[in-house]
> 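Here it is, the structure, as structure tokens.
By convention in this document, chain letters (A, B, ...) are assigned in the order of the sequence lines, proteins followed by strands, and residues within each chain are numbered from 1. None of these values were measured; they are calculated from a predicted model.
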There are 2 protein chains.
Amino acid sequence: MERNTRQRNAILGVISEAGRPLSTQEILIKGQAVVPSLSIATVYRTLKDLTTEGWILPVKLPGEADRYEVTKLGEHYHFKCSSCSKVFDIHERITNNNLPAPANFIVESYDLILYGRCSECVPKRGSPGSRTA
Amino acid sequence: MERNTRQRNAILGVISEAGRPLSTQEILIKGQAVVPSLSIATVYRTLKDLTTEGWILPVKLPGEADRYEVTKLGEHYHFKCSSCSKVFDIHERITNNNLPAPANFIVESYDLILYGRCSECVPKRGSPGSRTA
DNA sequence: TCGCTATTGATAACTTATTATCGATTGTGT
DNA sequence: ACACAATCGATAATAAGTTATCAATAGCGA
């Protein structure tokens, strides 16, 4: 049967408490703060299990390895900071009307990724090179 | 100096005429219809050159290898058909107002990918399992 | 607490995409 | 047409991420 190991609890714990999608390396580091012996193999194994069981979901960004977050967040999209590389959840609602497609095309889902500066990395007022798109 | 080879002409030709972003394998196959000896190494080499020279751009989708399209298309986004896996350009305009981010976050750019059925793969009217998102 | 077996940790192996190597080929200026 | 270097084709090498292997460890029911 399925066992309730320290490693599994630690991994689900750090993902649940992160508040944003975590990379496998982030999960490894944060998990090792709870279970120091934690191995990257166990991280991958457990992420696969937790995904299969429906607890977490992979977050896919172009050209990057999957990140993971808990399933219960509902529909949302993501913001990647071009300075610190962290990815944040955005829960504002986008209506399908805002996502036009050609006639005869059926839109079933979408991925929207915003790129820019998060609140921690926003340049000070008045510094150069900081206009928004 | 830079030479005007059959391979280079064929590769830029198939990308220009495709009307949608092509994968490296698609470029190889279509290019071999023009220059049968065309090698995958030449495809990668030429794609890198054409990108550096500004003729083409990589199109990045989550979890997939880069596709390529000509630069002159201007701002647009992409639609991936979940049936035939082809990627299409969408030239409808999206306003920044439609892409809300948290206060203090600066949006510099975005990637938007719609998933669904293209006009060729849309199920016939009345068939089951075909509601839009 | 004992014993069984699921799970772990360390690392080798694998996968897929891309790049490097190098002898053969082929544009291009003369 | 010639010469020569840019480019090509075939394939080995690389890179990053993920998975497999297997002896050691540790949940969990009795």
> Under 4.0 Å between a side-chain N or O of A/K48 and OP1 or OP2 of D/dT19?
yes

> With sugar-phosphate meaning primed atoms plus P, OP1 and OP2, does A/A41 contact a base, only sugar-phosphate, or nothing at under 4.0 Å between heavy atoms?
base

> Tell me whether the side-chain N/O atoms of B/S39 come closer than 4.0 Å to OP1 or OP2 in D/dT11.
no

> Closest-nucleotide mapping onto DNA chain C: is B/A65 or A/P36 further toward the 5' terminus? I mean the 5' end.
A/P36

> Measure from CD on B/Q32 to P on D/dC8 and round the result to the nearest Å.
14 Å

> Counting side-chain heavy atoms from C-beta on, which of C/dT28, C/dT19, D/dT7 comes nearest to B/N4?
C/dT28

> Do any N or O atoms from the side chain of A/T51 and from the backbone of A/L57 form a donor-acceptor pair under 3.5 angstrom?
no

> Pairing donors with acceptors under 3.5 angstrom, does anything connect the side chains of A/E75 and A/Y110?
yes

> Examine D/dG17: is either OP1 or OP2 under 4.0 Å from a nitrogen or oxygen in the side chain of A/Q25? Give yes or no.
no

> Check whether any side-chain N or O of A/H76 sits under 3.5 Å from a backbone N or O of A/G74 as a donor-acceptor pair, and report yes or no.
yes

> Between B/F105 and A/F79, does the ring centre distance come in under 6.0 Å?
yes

> Of B/R6 and B/I40, whose closest DNA chain D nucleotide lies nearer the 5' terminus?
B/R6

> What is the distance from CG of B/L38 to C1' of D/dA10, rounded to the nearest Å?
13 Å

> Choosing from C/dA10, D/dA26, C/dT18, which nucleotide comes nearest the side chain of A/R3?
D/dA26

> OP1 or OP2 of D/dG9 less than 4.0 angstrom from a side-chain nitrogen or oxygen of B/S37, does that happen here?
yes

> Taking NZ, NE, NH1 and NH2 as the nitrogens, is one of them in B/E64 or B/R67 under 4.0 Å from a carboxylate oxygen of the other?
yes

> Which of the following nucleotides, C/dA10, C/dT21, C/dT26, is nearest to the side chain of B/R45?
C/dT21

> Closer than 3.5 angstrom, by distance alone: can the side chain of B/E26 be matched with the main-chain N or O of B/S23 as a donor-acceptor pair?
yes

> What is the distance from CG of B/L28 to P of D/dC8, rounded to the nearest Å?
13 Å

> Hey, is the side chain of B/Q7 poking within less than 4.0 Å of OP1 or OP2 on D/dG9, counting only N and O atoms?
yes

> Check the phosphate of C/dG9 against A/T42, side-chain N and O only, distance under 4.0 Å to OP1 or OP2. Yes or no?
yes

> Rounding to an integer number of Å, can you tell me how far A/L47 CG sits from C/dT8 C1'?
15 Å

> Figure out the CZ/P separation between B/R8 and C/dT26, and round it to whole Å.
19 Å

> Using whole Å, what does the distance between atom C1' of nucleotide C/dT18 and atom CD of B/E64 come to?
17 Å

> Under 4.0 Å between a side-chain N or O of B/Y44 and OP1 or OP2 of C/dT18?
yes

> How many Å lie between CD on B/E2 and P on D/dC4, as a whole number?
23 Å

> Whole angstroms only, please: what is the CG-P distance between A/D66 and D/dA16?
17 Å

